[in-house]
> 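Below: one structure in structure tokens.
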Amino acid sequence: MNSTRITLACALALGASFAHAQATGKLKIGLMLPATGTYASLGTAIENGFRLYVAEQGGKLAGRDVEFFKVDDESDPSKAVDNANKLVKRDNVDVLVGTVHSGVAMAMAKVAKENKTLLIVPNAGADAVTGPMCGPTIFRSSFSNWQPGYAMGEVMAKKGLKKVVTITWKYAAGDESVGGFKEAFEKGGGKVVKELALPFPNVEFQALLTEIAAARPDAVYTFFAGGGAVKFVRDYAAAGLKDKIPLYGAGFVTDGTLEAQGDAASGMFTTLHYADSLGTPRDNAFRLSYAKAYKLQPDVYAVQGYDAAQILAVGLNAVKGDVSKKAEFAAAVRKARIDSPRGPFTLSASHNPVQDIYLRQVGGKDNKYVSVASKALADPGRGCRMQ
Ligand code: BEZ
């Protein structure tokens, strides 16, 4: 063999062993979630759900052992690019999984796109992630902020409510949740008469509660989540508003929070893509398995983490574990029907779940299923040019 041939043979062998390593070594998963702050418990539930699915597969995905790399993103958008780069550039992860906060998720989507890294978003609903920022390597296992808001707008308009005040945190999730709500509510004949907001993660609600009492609307629509949601619902009741002006919301305001909210949340109606009493065999099995593993009841965040792992498994199985085959990975996920505890769902052309949104009512410690508020609701994916 002459030297050119030897060099070529070596290069081919090296390439083959690199591809082999990509498909057979440990699969590196970068978990970027909040471990501190108002969304810390949401991050824990997502990680629990993700790990539960992996454990159910014997600790492997597509035959590959899994290794986790973790960063606490603190729900802080100003640190998000650096945090995502730690996982992508320092730890060289094969896939990014995160996060809870919409502002942080948008930074992750930017990093994922620039580096052509797979990203699965297990909560943050930022409309832009499956809108203008959409991309072939970006998938969401949760919802868009628009979805539960839009469903609740329809529900409240159908109830004949006319005059509503909204209250939320001033950032993408709050703005977009209210935006979805307002779109459907005003289409249905209602009017949003006042939009109140405070900076994330501020919980000094008193002045705004006084404004609500003075405005005397038919009802209030809200988006809060985690620790902030606990305090808001308690403060609303303590201000004497609970029995005077009914409080409705995107379901995050009562998910994973009921233990701490106690009676202050009782009877509240919310809309979300999960409920505590679906009673399907799939959900029953999931709830049992989660409770056994963690001695806790699951919530919507746990389901979204579990389904993020399911989406990853679908893509990985299609490419036999070789994450370099991004187009084939995406094609498989786009065709898939994810067998979620929430009920089966598919992904839209912009990679957001097309799913039933449930109307739920708080009873005891549960968000009880009432009805399907919006069947197979697809986010419009405004501004997404998939390429
Ligand atoms: C968000 O920032 O997108 C978000 C945070 C918590 C619950 C739901 C949405």
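Note that these values count all heavy atoms, side chains included, but never hydrogens, waters or copies made by symmetry. It should be emphasised that the depicted structure is a prediction, and the values quoted were computed from it without experimental measurement. We count ligands from 1, going down the list as the structure has it; atoms in each ligand are counted the same way. For reference, positions follow the sequence shown, starting with 1.
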> Is it true that Lys28 and Asp91 make a salt bridge, defined as a side-chain N closer than 4.0 Å to a carboxylate O?
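No.
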> Provide the number and element of each atom of ligand 1 under 4.0 Å from a heavy atom of Phe143.
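Selected atoms, number and element: 8 (C), 9 (C).
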> Can you sort out which atoms of ligand 1 are near Ala225, meaning under 4.0 Å from one of its heavy atoms?
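Here the atoms of ligand 1 in question are 6 (C), 7 (C).
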> My understanding is that we take every heavy atom of each candidate and find the minimum distance to atom 6 (C) of ligand 1. Doing that for Asn123, Asp255, Val253, which one comes out nearest?
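Going through Asn123, Asp255, Val253 one by one, Asn123 has the nearest heavy atom to atom 6 (C) of ligand 1.
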> Check Asp283 with Arg342, please: is the shortest side-chain N to carboxylate O separation under 4.0 Å?
no
> Are Val253 and Phe223 co-members of a hydrophobic cluster defined by side-chain heavy atoms under 4.5 Å apart?
yes
> Under 4.0 Å from a heavy atom of His101: give me the atoms of ligand 1 that qualify, with their elements.
2 (O)
> Could you tell me, atom by atom, which parts of ligand 1 come under 4.0 Å of a heavy atom of Asn145?
3 (O)
> Could you tell me whether Arg287 and Asp276 make a salt bridge, using a distance below 4.0 angstrom between a side-chain N and a carboxylate O?
yes
> Find all atoms of ligand 1 within a distance of less than 4.0 Å from any non-hydrogen atom belonging to Val100, and give their numbers and elements.
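Checking each atom against Val100, I get 1 (C), 2 (O), 3 (O), 4 (C), 5 (C), 6 (C).
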> Taking the inter-plane angle between the rings of Tyr39 and His101 on a 0 to 90° scale, is it parallel (under 30°), tilted (30 to 60°) or perpendicular (over 60°)?
tilted
> Can you list the ligand 1 atoms lying under 4.0 Å from a non-hydrogen atom of Tyr171?
1 (C), 2 (O), 4 (C), 5 (C)
